[in-house]
Amino acid sequence: HDFLLKDRLARLCSAIERELREAEARRSRRQTEDQLRKLSQAVEQGPAVVCITDPAGTIEYVNPRFTEVTGYTPPEVVGQSARLLKSGRCTRSEYEQLWDTISRGETWRGNFLNRRRDGSQYWESATIAPIRDAAGIITHYLKLAEDITSQKAAEQRIREQAELLDHASDAIH
């Protein structure tokens, strides 16, 4: 990437050194781009719901799985408060505990009963963690979640069956 004149060969060493540095920088940049591409594909194609908010809880990013589970498209939720998913069935203290935990820079784990775009409700198991900048300041929150509605329904059926068995057992004795 340099032009050398025959009568100025003294520049050859510095030109080669500079080109080697630039080649290493290009290789490093390609590796970083490849890693970012893989990470992006994992988030976009993965089975987990991914939602990124700013520190106030305003949604900045959701992946396709979010849309599959909630029915909300990215244009409908980006810029909106994550509260739009609230079902009204979780207590204020549950939300306060969540915010206290993540505001301290800790990771919160738990289950929510949320509301889809069509008004139906679904259960999710979520992990919410802070994202920090190079200085350690919380800049965003990351939620990874899984729809556990069918699991909760199965648990409810098992409880109901156990109650029926208990009543039948009591009636026999």
Side-chain angles (χ1 to χ4, degrees), residues 34-173:
D34 286 346
Q35 288 176 330
L36 286 172
R37 189 173 14 267
K38 283 185 245 179
L39 179 59
S40 176
Q41 288 175 344
V43 169
E44 289 288 314
Q45 299 171 10
V49 169
V50 176
C51 179
I52 298 174
T53 70
D54 69 11
T58 302
I59 298 171
E60 291 188 5
Y61 170 83
V62 294
N63 70 342
R65 182 68 179 139
F66 177 95
T67 299
E68 291 171 24
V69 171
T70 69
Y72 287 105
T73 64
E76 292 174 310
V77 296
V78 170
Q80 300 293 318
S81 170
R83 289 189 304 264
L84 80 115
L85 299 173
K86 287 173 83 171
S87 67
R89 302 261 317 267
C90 293
T91 66
R92 181 183 190 113
S93 67
E94 289 173 286
Y95 288 109
E96 287 173 355
Q97 188 230 359
L98 180 155
W99 277 102
D100 287 345
T101 301
I102 63 176
S103 297
R104 287 192 312 267
E106 298 173 11
T107 299
W108 178 89
R109 289 175 181 82
N111 297 334
F112 280 124
L113 182 61
N114 279 342
R115 186 178 51 84
R116 291 185 178 94
R117 185 175 186 268
D118 66 8
S120 64
Q121 295 180 342
Y122 69 99
W123 280 98
E124 74 175 9
S125 176
T127 299
I128 302 174
I131 298 174
R132 299 174 186 275
D133 65 11
I137 306 297
I138 296 172
T139 61
H140 294 84
Y141 293 111
L142 167 68
K143 177 177 86 169
L144 298 176
E146 176 185 7
D147 182 350
I148 59 167
T149 305
S150 59
Q151 177 184 337
K152 287 286 195 178
E155 290 171 0
Q156 180 61 32
R157 286 191 299 275
I158 289 169
R159 280 192 297 277
E160 290 169 357
Q161 292 297 319
E163 286 178 22
L164 286 173
L165 286 173
D166 284 346
H167 292 304
S169 176
D170 288 346
I172 293 173
H173 297 335

If you measure from CG on N114 to CZ on R83, what distance do you get to the nearest 0.5 Å? 13.5 Å

To the nearest 0.5 Å, tell me how far T58 OG1 sits from H140 NE2. 10.0 Å

Using a strict threshold of under 4.0 Å (side-chain N to carboxylate O), is an ion pair present between R116 and D147? yes

Would you check if N111 and W123 make a side-chain contact, meaning some heavy-atom pair closer than 4.5 Å? yes

Kindly indicate, with the supporting measurements, whether the criterion salt bridge (Lys or Arg N to Asp or Glu O under 4.0 Å) is fulfilled by E94 and R89. CA-CA 10 Å; E94 289 173 286; R89 302 261 317 267; over 6 Å; no

Shortest non-hydrogen separation from L113 to S87 and the atoms involved: O-OG, 2.6 Å

Less than 4.5 Å apart, any side-chain heavy atom of T107 and any of I128? no

Does the separation of the ring centres of Y141 and W108 fall below 6.0 angstrom? no

Does any non-hydrogen side-chain atom of Y122 lie less than 4.5 Å from one of I148? no

Could you give the distance from SG (C90) to CG (L85), rounded to the nearest 0.5 Å? 11.0 Å

Contact summary for R115 and Y72, nearest pair of heavy atoms: NH1-OH, 3.7 Å

Strictly distance-based, threshold 3.5 Å: is any side-chain N or O of T101 a donor or acceptor partner for the main-chain N or O of Q97? yes

Can you check whether V49's main-chain N or O pairs, donor with acceptor, with N63's side chain at less than 3.5 Å? no

Are side-chain N/O atoms of E76 and Q80 paired as donor and acceptor at under 3.5 Å? no

Nearest 0.5 Å, what's the CD1-CD1 distance between I102 and I131? 11.0 Å

Determine whether C51 and Y61 make a side-chain contact, defined as any pair of heavy atoms from C-beta on separated by less than 4.5 Å. no

Going by heavy atoms in the side chains, are E44 and P64 under 4.5 Å from each other? yes

Strictly below 4.0 Å, N to O, side chains only: are R92 and E96 in salt-bridge contact? yes

Is the Lys NZ or Arg CZ of K86 less than 6.0 Å from the centre of F112's six-membered ring, within 45° of the axis? no

Between E124 and K143, is the side-chain contact (heavy atoms from CB on, under 4.5 Å) condition met? List the steps. CA-CA 11 Å; E124 74 175 9; K143 177 177 86 169; 2.9 Å; yes

Are R65 and E146 close enough for a salt bridge, meaning some N to O gap below 4.0 Å? no

V77 side chain reached by L84 side chain, heavy atoms, under 4.5 Å: yes

To the nearest 0.5 angstrom, please state how far the CD atom of E60 sits from the CG atom of L142. 12.0 Å

Considering residues, nucleotides and ligands other than R104, do more than 12 of their heavy atoms fall under 6.0 Å from its CZ? yes

State, yes or no, whether a side-chain contact exists between P74 and T67 at a heavy-atom distance under 4.5 Å. yes

Please round to the nearest 0.5 Å and tell me the distance separating atom CG of L39 and atom CD of Q35. 9.0 Å

Side-chain donor or acceptor of R132 paired with backbone N/O of G105 under 3.5 Å: yes

Is Q151 close to Q156 at the side-chain level, that is, under 4.5 Å between some pair of heavy atoms? no

